[in-house]
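When a ligand or atom number is given, it counts from 1 through the structure's own listing order.
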Amino acid sequence: MVILICDAFDKSLPDRLKKFGEVTDNVARLPEADVALVRSKTKCTPEWIAGAPKLKMIIRGGVGLDNIDQPAAKARGIEVKNTPAASSVAVAELAFGLMLAVPNHLIEAHNAMKLEGKFLKKELKRTELYQKTLGLVGIGRIAGEVAKRAAAFGMRVLAYDPYVKHSDVAILVPSLKDLLRQADYLSLHVPLNDDTKNMINKEAIAGMKDGVVIVNTGRGKCIVEADLAEALASGKVAAYATDVWYSDPPDPSSPLLSAPNVIMTPHIGASSKENLLRIGNEVVTLLDAWTKK
Ligand code: NAD
């Protein structure tokens, strides 16, 4: 069996996979691969799948499966697995880091001192997360971890998720509108699908509180970039702190790259050292189960 590691995984993984067969990271060997390990960089399009005639299984190290054309994989009888439980804490910690960076002006203060030699002690007015309302769009694994951290900060935590009927960590609201109307901070934690694509658009933004802060560690395509950039310019949205983009990396023409009050990270939510190890453990477990079938 040939196992092809297409993207970045923990460096211990190749050795741990040797018991299952030959392990390679040479993507030119896709035509020989029985199993392909991908994260988000590799796009498993119908063309990519057609170039892998022996492929029986794709393992996505991570949560979202939007980089895999699942109907095309299914049509070829290729099993698609992911490692949904591994990444929750890693992504939640980044979401929280982004959320803390905004009211504490961390980026602005640092850049002023480091790049401009300015000591903005009087100019920078901080605000607190304490007693603010956090609106979570989706209350799955990652949002659940964000909710627990927000509770520790004394935030009021609301969530909208049409597929969840009960939550121990958030007050559920019946509609996205209800959530948007109340949130001081809005954090996106939904998968990318037909319902969530472009869900944060002009109309949604109009229903938000003035000066809302939006944090996005979900998917860049859940927001309409031009609409958000306009709302940042007008001040309707006070800040957008994001790890995720319309594409990785964003197109240089993305209006968010030049919009005011955007804090950006390069899709590193799942990339903690600890999480790469956890993802590796889940990959080994999946292959163990699959080879014993
Ligand atoms: P999850 O499946 O545990 O939770 C997703 C939740 O979204 C579910 O509870 C689901 O019911 C809800 N949902 C689906 N459609 C919805 C809608 N239209 N409105 C409101 N809620 C809806 O997944 P998770 O592990 O919490 O991950 C969430 C997403 O985070 C992933 O799908 C992925 O896009 C993103 N993610 C990003 C990174 C990163 O590096 N930044 C890493 C991992 C995951």
**OP:** Mark up the atoms of ligand 1 that fall under 4.0 Å of a heavy atom belonging to Gly269, in ascending order.
**Re:** 39 (C), 40 (O), 41 (N)

**OP:** Show the numbers, then the answer: is there a side chain to side chain contact (heavy atoms under 4.5 Å, CB included) between Met208 and Leu186?
**Re:** CA-CA 9 Å; Met208 294 179 193; Leu186 192 73; 3.8 Å; yes

Subject >> Identity and distance of the protein heavy atom lying nearest atom 18 (N) of ligand 1 >> reply: Thr196 CG2, 3.5 Å

**OP:** Please verify whether a non-hydrogen atom of Ser88 lies at under 4.0 Å from ligand 1.
**Re:** no

Original post:
Between Val237 and Ile205, does a side chain to side chain contact (heavy atoms under 4.5 Å, CB included) hold up when you go through it step by step?
Top reply: CA-CA 8 Å; Val237 174; Ile205 292 168; 4.0 Å; yes

**OP:** Identify whether the distance between the nearest side-chain nitrogen and carboxylate oxygen of Lys81 and Glu282 falls below 4.0 Å.
**Re:** no

**OP:** Heavy-atom contacts with Arg219 under 4.0 Å: which atoms of ligand 1 show up? List them by number with element.
**Re:** 33 (C), 34 (O), 35 (C), 36 (N), 37 (C)

Subject >> Nearest-contact summary for atom 41 (N) of ligand 1 - protein heavy atom, Å >> reply: Asp243 OD2, 2.9 Å

**OP:** Mark up the atoms of ligand 1 that fall under 4.0 Å of a heavy atom belonging to Tyr160, in ascending order.
**Re:** 19 (N), 20 (C), 21 (N)

**OP:** Looking only at protein heavy atoms, identify the closest one to atom 6 (C) of ligand 1 and say how far it is in Å.
**Re:** Asp161 OD2, 3.7 Å

Subject >> Closest to atom 2 (O) of ligand 1 (judged by heavy-atom distance), picking from Lys197, Arg141, His189 >> reply: Arg141

Subject >> Worked verdict on Asp184 versus Leu134 for side chain to side chain contact (heavy atoms under 4.5 Å, CB included) >> reply: CA-CA 6 Å; Asp184 300 302; Leu134 170 64; over 6 Å; no

Subject >> Structural part of Val91 in contact with ligand 1, heavy atom criterion under 4.0 angstrom >> reply: side chain

Subject >> Charged N-O contact under 4.0 Å between Glu145 and Arg149 >> reply: yes

Original post:
Is the closest side-chain donor-acceptor distance between Asn216 and Tyr240 under 3.5 Å?
Top reply: yes

**OP:** From the options Thr83, Val244, Val190, select the one whose nearest heavy atom is closest to atom 22 (C) of ligand 1.
**Re:** Val190

**OP:** Could you tell me the residue and atom name of the protein heavy atom closest to atom 20 (C) of ligand 1, and the distance to it rounded to 0.1 Å?
**Re:** Pro162 CD, 3.3 Å

Original post:
Does a donor on one side chain sit under 3.5 Å from an acceptor on the other, for Asp288 and Thr285?
Top reply: no

Subject >> Proximity of Ile142 to ligand 1 by residue part, where a heavy atom lies under 4.0 Å >> reply: both

Subject >> Sidechain N-carboxylate O distance under 4.0 Å for Lys41, Asp7 >> reply: no

**OP:** Would you please test Glu230 and Glu225 for side chain to side chain contact (heavy atoms under 4.5 Å, CB included) and show each step?
**Re:** CA-CA 9 Å; Glu230 198 180 306; Glu225 292 194 330; over 6 Å; no

Subject >> Closest candidate by heavy atom, reference atom 31 (C) of ligand 1, pool Ile268, Val63, Thr265 >> reply: Val63

Original post:
Counting both backbone and side chain atoms, is some N or O of Thr217 under 3.5 Å from an N or O of ligand 1?
Top reply: yes

Original post:
Is the closest heavy atom of Ala270 to ligand 1 under 4.0 Å?
Top reply: yes

Subject >> Protein heavy atom at shortest distance from atom 4 (O) of ligand 1 >> reply: Gly140 CA, 3.2 Å

Subject >> Given Leu120, Leu124, Asn111, the one that forms side-chain contact (heavy atoms from CB on, under 4.5 Å) with His105 >> reply: Leu124

Original post:
How close does the nearest protein non-hydrogen atom get to atom 15 (N) of ligand 1, and which residue and atom is it?
Top reply: Tyr163 CE1, 3.4 Å

Original post:
Would you say Asn275's side chain and Ser271's backbone share a donor-acceptor pair under 3.5 angstrom?
Top reply: no

Original post:
In terms of side-chain geometry, is the basic nitrogen of Glu79 or Lys74 positioned less than 4.0 Å from the acidic oxygen of its partner?
Top reply: no

Subject >> Per atom 14 (C) of ligand 1, closest listed option by heavy atom (Ala159, Pro191, Gly138, Gly218) >> reply: Pro191

Original post:
Under 3.5 Å between some N or O of ligand 1 and some N or O of His267?
Top reply: yes

